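These notes are about the structure you will find just below.
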Amino acid sequence: MNNSIKNLLVWYQKNERQLPWRQTSNPYYIWLSEVILQQTRVDQGLPYYIRFTEKYPDIALLASANEQDVFKLWQGLGYYSRATNMLKAAREIVSTYHSEFPKNMNLLMKLPGIGSYTAAAIASMAFNMPHGVVDGNVYRVLSRLYGIATPINSSRAHTQFLVLTEELMSTHSPALFNQAMMELGALVCKPQNPDCLACPLQSNCFAFSHKQQGDFPVKTPKAKQKTRYLTYYVISVTTNGHAQFFLNQRKSTGIWANLFDFPSFETHQPLPFDQAIHQAIDNGLLPNDSFNITQVSNEYKHLLTHRILRARFISIQISGAIPANLIKSLLLINQTSLSEYPVPVLVERYLRDVKLIE
DNA sequence: CAGGCGTGGAA
DNA sequence: TTTCCAAGCCT
């Protein structure tokens, strides 16, 4: 097996993709890339990584950023708690650790948004400490290599695969070994149609010799997506030909935490138009009269990992007095400022369609 | 510890 | 169209 590992390392040095975070051992850049790449493909994350490093070239600059700027830069990447946690961690590192990442797994894992994977990635790639990274790639490579049937989304899997990883790592360079394992998973030992003929571990691989590549890794099925219906109220007031809109900042938990959108209701069943209007009035979103429905959008279907959202946007102009509730709980902003607010992709899509932005 | 949390690419 | 799922973390 040790020869196979050497094959793997040779394979990596020949086949690795040239990615900007591989040209450095600066823990700030390693960390940034790892957070961006959590559950995210390189192709999708790369432009974000470039923008972040350009705008915030070091951790002190990120720590001193305001939250909305960070969110705006993160917009479209998903899993928005990563942005919140990243900013918190940056500030903690600057204030508590004098802008230096702790060289210690336990301390790293205490930072928000840094779990066992990211901590090991920083420790190994930035400091070359012998900690194994166990991500989706490693699960896939090792489960096939050894025919391990432990469901990888079970709690004991992480411990089991971590032990194995660190045994295989042995005295090899942790940075090199970890990245080689992940790169092999990304380029060769892919989820579908693995390229086993190009694999440096082929001669030792259980799944290859038993033609069971498709049977590993084992994972227990996830709950099915649930459909939810979203009714948005795009409420505007126009004074002297100058349009303003009411924006809602979402709560700090749940979907799209801290992002901005329009006031809305989420229901388990489609909300008929009449009911949608009545509910809005009952909840103080609209006055009893003196408003005009100017448009009802087509349904937008927005897919999340765990949900199917069917959204409709109702455009409403208020002509009379503005309900006190709106002023109190929402932001009234100029149309020209809409593009400054970080919004979910669904809302961005709508805003472009109706030409409220760009 | 099961479930919540985004988005977009590939087959 | 549907399904899977990508360098996970938090509660």
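The structure presented is a predicted model; accordingly, all values stated were derived computationally and were not measured. Convention: sequence-line order gives letters A, B, ...; per-chain numbering from 1.
- Checking dT2(C), dC1(B), dG6(B) against the side-chain heavy atoms of Ser155(A) singles out dC1(B) as nearest.
- In this structure, Arg82(A) is not positioned above the aromatic face of Tyr79(A) in the sense of NZ or CZ being under 6.0 Å from the six-membered ring centre and within 45° of the axis.
- Contact check, Arg140(A) against dA6(C): a side-chain N or O comes under 4.0 Å of OP1 or OP2.
- With dC5(B), dT2(C), dG6(B) as the candidates, the nucleotide lying closest to the side chain of Lys301(A) is dT2(C).
- The pair Asp195(A)-Lys190(A) fails the salt-bridge criterion, with no side-chain N (NZ, NE, NH1 or NH2) lying under 4.0 Å from an Asp/Glu carboxylate O.
- If you find the closest nucleotide of DNA chain B to Leu77(A) and to Asn153(A), the one lying nearer the 5' end belongs to Asn153(A).
- For Glu183(A) and Arg22(A), the salt-bridge test passes: some basic side-chain N is under 4.0 Å from an acidic carboxylate O.
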Tabulate protein N/O versus nucleotide N/O from nucleotides 8-11 of chain C, keeping only pairs under 3.5 Å, one per line.
{"from": "dG8(C)", "atom 1": "OP1", "to": "Gly136(A)", "atom 2": "N", "distance (Å)": "3.3"}
{"from": "dG8(C)", "atom 1": "OP2", "to": "Gln39(A)", "atom 2": "N", "distance (Å)": "2.7"}
{"from": "dG8(C)", "atom 1": "OP2", "to": "Gln39(A)", "atom 2": "NE2", "distance (Å)": "3.0"}
{"from": "dG8(C)", "atom 1": "O5'", "to": "Gln39(A)", "atom 2": "N", "distance (Å)": "3.4"}
{"from": "dC9(C)", "atom 1": "OP1", "to": "Gly115(A)", "atom 2": "N", "distance (Å)": "2.9"}
{"from": "dC9(C)", "atom 1": "OP1", "to": "Thr118(A)", "atom 2": "N", "distance (Å)": "2.9"}
{"from": "dC9(C)", "atom 1": "OP1", "to": "Thr118(A)", "atom 2": "OG1", "distance (Å)": "2.6"}
{"from": "dC9(C)", "atom 1": "OP2", "to": "Tyr117(A)", "atom 2": "N", "distance (Å)": "3.2"}
{"from": "dC10(C)", "atom 1": "OP1", "to": "Gly113(A)", "atom 2": "N", "distance (Å)": "2.5"}

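- Dashed line: the shortest gap from a side-chain N or O of Trp256(A) to OP1 or OP2 of dT7(B) is under 4.0 Å.
- In summary, of the residues considered (Gln23(A), Arg17(A), Glu16(A)), a side-chain contact (heavy atoms from CB on, under 4.5 Å) with Leu19(A) occurs for Arg17(A) alone.
- Nucleotides dT1(C) and dG8(B), compared at atom C1', are 16 Å apart to the nearest Å.
- Listed pair His306(A) / dG3(B) fails the phosphate criterion, with no side-chain N or O lying under 4.0 Å from OP1 or OP2.
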List the atom pairs, with distances to 0.1 Å, where a side-chain N or O of residues 103-116 of chain A and a protein N or O form a donor-acceptor pair under 3.5 Å, not counting sequence neighbours.
{"from": "Asn104(A)", "atom 1": "OD1", "to": "Asn106(A)", "atom 2": "N", "distance (Å)": "2.8"}
{"from": "Asn104(A)", "atom 1": "OD1", "to": "Leu107(A)", "atom 2": "N", "distance (Å)": "2.9"}
{"from": "Ser116(A)", "atom 1": "OG", "to": "His158(A)", "atom 2": "NE2", "distance (Å)": "3.3"}

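- Counting any heavy atom pair closer than 4.0 Å across all strands shown, Lys190(A) reaches no nucleic acid atom.
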Using a cut-off of under 3.5 Å, enumerate the N/O to N/O pairs linking the protein to nucleotides 8-11 of chain B.
{"from": "dG8(B)", "atom 1": "OP2", "to": "Arg349(A)", "atom 2": "NH2", "distance (Å)": "3.3"}
{"from": "dG8(B)", "atom 1": "N2", "to": "Arg41(A)", "atom 2": "NH1", "distance (Å)": "2.3"}

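- Annotation: side chain of Leu247(A) is in contact with side chain of Leu338(A) (closest heavy-atom distance under 4.5 Å).
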